[in-house]
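Reading through the structure tokens given below for one structure.
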Number of protein chains: 2
Amino acid sequence: MVMSVDSDVLKALADPLRIQILTLLAQEALCTTHLVEETGARQTNLSNHLKILRDAGLVDTEPCGRFTYYSLRPDALEAVAAEFAELAATAREAAAENRKRSC
Amino acid sequence: MVMSVDSDVLKALADPLRIQILTLLAQEALCTTHLVEETGARQTNLSNHLKILRDAGLVDTEPCGRFTYYSLRPDALEAVAAEFAELAATAREAAAENRKRSC
DNA sequence: CTAACGTATCAGCCCATGGTGATGTCAGTC
DNA sequence: GACTGACATCACCATGGGCTGATACGTTAG
């Protein structure tokens with residue numbers, strides 16, 4: 001089974017502020033202003049992070065007047081979760097059979 | 001529900017070579033020499049990456065004479081998978097109820 | 001129309017991190 | 001004991017990425 005975890009997605013997930021953003025967006029859709037209030041980060045900084053999350057396919061954007069609502073894409077996270085779960089399952093199998101390449 | 005994904009674990013996962021290492025270790029336990037053959041990376045480089053994976057609790061080491069066997073820790077990956085799955089579930093719920101903070 | 005606001009983009013700084021060669025350490029071999 | 005091989009550690013360099021201030025763009029309010 002091929003491990004096809006998108007490296008960009010993982011890089012996008014490997015940042016505390018971005019995880020905080022995702023956690024907030026999991027609760028409800030928010031626009032940048034809300035995220036500025038919640039995280040205390042600057043608008044420019046958040047805009048950068050949101051671009052990374054959007055490019056990675058982790059969040060969706062919905063323009064609403066001059067606001068932009070961001071929401072989390074469950075399928076993207078589920079795909080990551082599934083691939084790690086499968087990798088873990090493979091490892092459990094290998095461990096149960098004590099598979100070990102000889103030197 | 002608190003999102004407690006360990007940042008170090010995610011950072012450890014956010015590297016293509018380390019993902020390749022984990023994928024190889026999921027199949028069977030290997031020592032550094034095997035990983036050098038499989039990945040084509042230098043021994044020093046691999047040793048660095050393996051230290052990161054070990055510090056993150058993603059792999060186990062088992063000394064065997066002058067060799068060191070590395071194996072993947074399924075529970076660590078399962079924990080990550082579970083947290084992402086839960087975050088995704090929360091987001092699905094929020095989307096179903098169309099939760100959106102007003103501006 | 002003009003002003004104010006929400007958001008995106010740009011250029012730059014700085015630090016974290018990946019890669020490397022040199023070296024150290026420990027186990028097994030002669 | 002001397003040597004070789006497996007692995008870890010160190011110092012160094014180069015690149016990438018996060019943060020920032022300045023600025024541009026589009027939308028709504030007055």
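Since this is a predicted model, take the numbers as computed values, not measurements. A, B, ... follow the sequence lines: proteins, then strands. Residue 1 opens every chain.
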| message | In this structure, how many angstroms lie between the C1' atom of C/dT7 and the CD atom of A/Glu62, rounded? | response | 16 Å
| task | Indicate yes or no: at least one non-hydrogen side-chain atom of B/Gln43 is less than 4.5 angstrom from one of B/Leu46. | result | no
| Can you check the B/Lys51 NZ to C/dG18 P distance for me, whole Å? | 13 Å
| Should B/Leu58 and A/Leu10 be regarded as members of a common hydrophobic cluster, given that ILVMFWY residues are connected when their side-chain heavy atoms come within less than 4.5 Å of each other, either directly or indirectly? | yes
| request: Could I get the full list of side-chain hydrogen bond (donor to acceptor under 3.5 Å, both in side chains) partners for B/Asn45, not counting sequence neighbours? | output: B/His49
| Members of residues 28-41 of chain B that approach DNA chain C, where some heavy atom sits under 4.0 Å away | none
| NA contact type, A/Ile52, heavy-atom cut-off 4.0 Å: base, sugar-phosphate, or nothing? | sugar-phosphate
| request: List in chain and number order the residues that pass side-chain hydrogen bond (donor to acceptor under 3.5 Å, both in side chains) with A/Asp8, two or more places apart in sequence or in another chain; answer none if no residue qualifies. | output: none
| message | Treating primed atoms plus P, OP1 and OP2 as sugar-phosphate and everything else as base, which nucleotides of nucleotides 21-30 of chain C get B, S or - for protein heavy atoms under 4.0 Å? | response | BB----SS--
| request: Could you check how far CZ of B/Arg18 sits from P of C/dT17, rounded to whole Å? | output: 9 Å
| Quantified as the angle between the terminal helix axes (five pairs each), what is the overall bend of the helix from C/dC1-D/dG30 to C/dC30-D/dG1 to 10 degrees? | 20°
| request: Answer with base, sugar-phosphate or nothing: what part of the nucleic acid does B/Tyr69 contact at a heavy-atom distance below 4.0 Å? | output: nothing
| request: Verify, without hydrogens or angle tests, whether B/Thr23 (side chain) and B/Ile19 (backbone) share a donor-acceptor contact under 3.5 angstrom. | output: yes
| Atom pair distance, as rounded to whole Å: CG in B/Leu17 and P in C/dT17 | 16 Å
| said: Once side-chain hydrogen bond (donor to acceptor under 3.5 Å, both in side chains) is applied, do any residues pair with A/His34, and if so which ones, sequence neighbours excluded? | reply: none
| field | 5' priority, DNA chain D, between A/Lys11 and B/Leu46 [closest heavy atom] | value | B/Leu46
| request: Can you sort out the partners of A/Arg73 under salt bridge (Lys or Arg N to Asp or Glu O under 4.0 Å), two or more places apart, ordered by chain and number? | output: A/Asp75
| Is any side-chain heavy atom of A/Ile21 less than 4.5 Å from a side-chain heavy atom of A/Leu72? | no
Would you list the atom pairs, donor with acceptor, under 3.5 Å between side chains in residues 93-103 of chain A and any protein atom, with sequence neighbours excluded?
residue	atom	partner	partner atom	Å
A/Glu97	OE1	A/Arg99	NH1	2.7
A/Arg99	NE	B/Gln27	O	2.7
A/Arg101	NE	B/Glu28	OE2	3.1
A/Arg101	NH1	B/Glu38	OE2	2.9
A/Arg101	NH2	B/Glu28	OE2	2.9
A/Arg101	NH2	B/Glu38	OE2	3.1

| Of all residues at least two apart in sequence or in a different chain, which pass the side chain to side chain contact (heavy atoms under 4.5 Å, CB included) check with B/Thr68? | B/Thr61, B/Tyr70
| task | For A/Ser71, check side chain to side chain contact (heavy atoms under 4.5 Å, CB included) against everything at least two apart and list the hits. | result | A/Ala29, A/Asp60
| query | Between which nucleotides of DNA chain D, 5' to 3', does chain A make heavy-atom contacts below 4.0 Å? | reply | D/dG18 to D/dT28
| Residues B/Leu24, B/Thr39; criterion side-chain contact (heavy atoms from CB on, under 4.5 Å); working and verdict | CA-CA 9 Å; B/Leu24 290 166; B/Thr39 65; 3.9 Å; yes
| task | Using side-chain hydrogen bond (donor to acceptor under 3.5 Å, both in side chains) as the criterion, list what pairs up with A/Arg42, not counting sequence neighbours. | result | none
